[in-house]
Amino acid sequence: SSPDSDGGTPELEKAGLLNKTKIAEGGRKLRKNWSPSWVVLVGNSLVFFKDPKSQTPSSWKPGNSRPESSVDLRGAQLHWANNLSSKKNVFKLRTVTGNEFLLQSETDLLIIEWYKTIQSVIDRLDRE
Ligand code: I3P
C-alpha cells in the first residue's frame with residue numbers, strides 16, 4: 001500500500017547509520033561539523049537521531065525517541081557532491097527552505113541505496 005494511505009502510521013522506508021553534516025540553514029552557509037547520525041526515512045520525511053548507539057529501526061515510532069531534526073522531502077533536491085568534501089560517497093540534500101545537508105558512508109552500496117531511496121520519495125512527492 002502507499003505510505004499513510006490508511007491515515008495511520010506512515011511507512012518506514014529505510015533506516016541506518018550515515019555520517020551527516022548540515023552545511024546551510026535557510027540559504028546561509030554553516031561551518032561543517034560531521035557526526036554519525038541514525039537516519040530514518042519515513043513517509044515524506046528524513047528524520048535524524050543524535051545517538052546512533054541507542055537507536056534501532058523502531059526508534060522512529062512516536063514516543064520511542066526524540067529526533068534531533070527532521071527534513072521534509074517535498075520539493076527537495078538531491079545531488080552527488082563529492083566536490084564538496086574530501087570524503088568519498090557524499091551526496092547533498094537541499095530542502096525547499098534552503099537547508100542543506102551532506103550525507104556520507106564509507107560503504108559504496110549503502111550510500112547508493114540511500115540515494116536511490118530518497119530520490120524515489122522525492123519523485124513520488126513531485127508527482128502528487
Ligand atoms: C573542517 C573539517 C571537515 C572538512 C572541512 C574542514 O575543518 O576538517 O571535516 O570537511 O573541509 O574545513 P574544521 O574541523 O576546522 O572546521 P570534509 O571532511 O567534508 O572534507 P572544507 O572546509 O573543505 O569543507
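Just follow the structure's listing: the first ligand is 1, and inside any ligand the first atom is 1. Bear in mind the structure is a predicted one, so any value in this text is a computation, not a measurement. Counting begins at 1 with the first residue of the sequence.
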Problem set entry | Side-chain donor-acceptor pair present, N89, D108, cut-off under 3.5 Å |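 There is such a pair between these side chains.
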Problem set entry | Any non-hydrogen protein atom less than 4.0 Å away from atom 13 (P) of ligand 1 |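 Under 4.0 Å from atom 13 (P) of ligand 1, at least one protein heavy atom found.
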Exercise. Under the 4.0 Å line, does any protein heavy atom show up next to atom 16 (O) of ligand 1?
Worked result: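 There is a protein heavy atom less than 4.0 Å from atom 16 (O) of ligand 1.
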For this session: Evaluate the side-chain proximity of L17 to V39: yes if any heavy-atom separation is below 4.5 Å, no if none is.
Result: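 With C-beta onward as the side chain, the pair stays apart.
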Problem set entry | Aromatic plane relationship, W80 with Y115 - under 30° parallel, 30 to 60° tilted, over 60° perpendicular |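 The rings of Y115 and W80 lie parallel, inter-plane angle below 30°.
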Which residue and heavy atom of the protein sit nearest [atom], plus the separation:
atom: atom 21 (P) of ligand 1; result: K32 NZ, 3.8 Å
atom: atom 19 (O) of ligand 1; result: S85 OG, 2.5 Å
atom: atom 20 (O) of ligand 1; result: S86 OG, 2.7 Å
atom: atom 7 (O) of ligand 1; result: R31 NH2, 4.9 Å
atom: atom 9 (O) of ligand 1; result: W34 CD1, 3.5 Å

Exercise. Is K22 salt-bridged to E68, cutoff N-O under 4.0 Å?
Worked result: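 Judged by the 4.0 Å cut-off on N to carboxylate O distance, K22 and E68 do not form a salt bridge.
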For this session: Answer yes or no: is there a donor N or O on one side and an acceptor on the other, between the side chain of T21 and the main chain of L102, under 3.5 Å?
Result: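 Side chain of T21 to backbone of L102, a donor-acceptor pair under 3.5 Å: no, none is there.
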Problem set entry | Over 12 non-hydrogen atoms of neighbours within 6.0 angstrom of NZ in K88 |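 Yes, NZ of K88 has more than 12 neighbouring heavy atoms, counting only those of other groups under 6.0 Å.
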For this session: For K87, take its heavy atoms, then give the atoms of ligand 1 lying under 4.0 Å from any of them.
Result: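 By the 4.0 Å cutoff, the relevant atoms are 18 (O).
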